[in-house]
Trainee: 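This is the structure, below, for whatever I ask next.
Because only heavy atoms are used, hydrogens play no part in the values below, and waters and symmetry mates are left out as well, while side chains stay in. Predicted model, so just to flag it, every value in this text is computed and none were measured.
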Amino acid sequence: MKPALRVMLCDDAGERFFGEGPCRLLHLIDETGSLRSAAAQMGLSYSKALRLVQHAEKELGFALTCKTIGGRGGGGSTLTAEARQFLERYEAYRDACVQTSRELYSAFFPGQR
């Protein structure tokens, strides 16, 4: 037996808008320079990935990506400075929640693995 914790952010209506999926998507956008490539690596359609990013942007109130229109050099996407700062804070929060969960599990279920 072991604890499992999922950390996600929800809007005022209780609808999830950010968690491990969007977090991974943003990291892949950062790595590949492309929303389309990031979506493909996750097995998502481009339109689904775009909706995830747009929903998070709407709830957060700032842009997560900067888009470059295609052409001779091709298009792409990069993360905004706000997105990088947000990812850093989200991941620190997530890690702190997981650590606290482990500590509470040990306190409430002593002797369990």
Side-chain angles (χ1 to χ4, degrees):
M1 179 168 72
K2 65 180 181 176
L5 181 72
R6 287 180 154 185
V7 177
M8 59 191 75
L9 302 176
C10 298
D11 60 21
D12 291 339
E15 296 295 319
R16 178 179 48 195
F17 74 88
F18 199 87
E20 287 306 302
C23 181
R24 183 169 170 234
L25 180 63
L26 290 179
H27 279 293
L28 286 170
I29 290 169
D30 197 31
E31 289 173 25
T32 64
S34 164
L35 176 60
R36 189 173 303 281
S37 294
Q41 285 189 34
M42 290 183 67
L44 297 173
S45 69
Y46 173 80
S47 59
K48 170 76 173 176
L50 181 60
R51 280 193 308 273
L52 285 172
V53 171
Q54 288 174 334
H55 186 204
E57 288 176 335
K58 178 180 174 258
E59 293 304 321
L60 293 169
F62 56 84
L64 294 170
T65 61
C66 224
K67 297 139 194 90
T68 305
I69 303 302
R72 179 177 283 184
S77 293
T78 57
L79 297 187
T80 63
E82 293 91 346
R84 291 178 197 284
Q85 291 169 349
F86 176 76
L87 275 176
E88 197 173 292
R89 288 193 321 259
Y90 169 78
E91 290 173 328
Y93 172 69
R94 177 202 60 204
D95 294 347
C97 287
V98 169
Q99 181 59 37
T100 300
S101 173
R102 286 184 188 135
E103 292 166 7
L104 288 170
Y105 177 81
S106 294
F108 283 93
F109 298 98
Q112 297 290 324
R113 300 184 260 161

Trainee: Does Asp30 have any salt bridge (Lys or Arg N to Asp or Glu O under 4.0 Å) partners at least two apart in sequence or in another chain, and if so, which?
Mentor: Arg84

Trainee: Hey, does Glu15 have a side-chain heavy atom less than 4.5 Å from the side chain of Cys10?
Mentor: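 Result no, sub-4.5 Å side-chain heavy-atom pair not found.
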
Trainee: Quick check: closest heavy atoms across Met1 and Phe109, and the distance to 0.1 Å?
Mentor: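 The pair with the smallest heavy-atom distance is CE-CD2, 4.0 Å.
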
Trainee: Does Ser101 have any side chain to side chain contact (heavy atoms under 4.5 Å, CB included) partners at least two apart in sequence or in another chain, and if so, which?
Mentor: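 Per chain and number, Ser101 pairs via side chain to side chain contact (heavy atoms under 4.5 Å, CB included) with Pro3, Leu5.
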
Trainee: Could you measure the distance from the CG atom of Leu60 to the CG atom of Leu9? Nearest 0.5 Å is fine.
Mentor: 7.5 Å

Trainee: In chain order, what residues pass the side chain to side chain contact (heavy atoms under 4.5 Å, CB included) check against Arg6, with sequence neighbours excluded?
Mentor: Met8

Trainee: Please list, one pair per line, the donor and acceptor atoms closer than 3.5 Å that link side chains of residues 48-57 to other protein atoms, with sequence neighbours excluded.
Mentor:
residue : atom : partner : partner atom : Å
Glu57   : OE2  : Leu64   : N            : 2.8
Glu57   : OE2  : Thr65   : N            : 3.4

Trainee: If you look only at distance, which donor and acceptor atoms sit under 3.5 Å apart when one is on a side chain in residues 31-43 and the other is two or more places apart or in another chain?
Mentor:
residue : atom : partner : partner atom : Å
Thr32   : OG1  : Leu28   : O            : 2.8
Thr32   : OG1  : Ser34   : N            : 3.2
Thr32   : OG1  : Ser34   : O            : 3.0
Ser34   : OG   : Arg36   : N            : 3.2
Ser34   : OG   : Ser37   : N            : 3.0
Ser34   : OG   : Ser37   : OG           : 3.4

Trainee: Quick one, Leu87 and Leu79 - any side-chain contact, counting heavy atoms below 4.5 Å?
Mentor: yes

Trainee: Answer yes or no: does atom CZ of Phe62 have more than 12 heavy-atom neighbours from other residues, nucleotides or ligands under 6.0 Å?
Mentor: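 Enclosed: over 12 neighbouring heavy atoms sit under 6.0 Å from CZ of Phe62.
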
Trainee: List for me each residue that meets side-chain hydrogen bond (donor to acceptor under 3.5 Å, both in side chains) alongside Glu88, sequence neighbours excluded, and say none if there are none.
Mentor: none

Trainee: Which atom pairs, one a donor and one an acceptor, fall under 3.5 Å between side chains of residues 16-26 and the rest of the protein, sequence neighbours left out?
Mentor:
residue : atom : partner : partner atom : Å
Glu20   : OE1  : Arg94   : NH1          : 3.2
Glu20   : OE2  : Tyr90   : OH           : 3.1
Glu20   : OE2  : Arg94   : NH1          : 3.1

Trainee: What pair of heavy atoms forms the shortest contact from Cys97 to Val7, and how long is it?
Mentor: CB-CG2, 3.8 Å

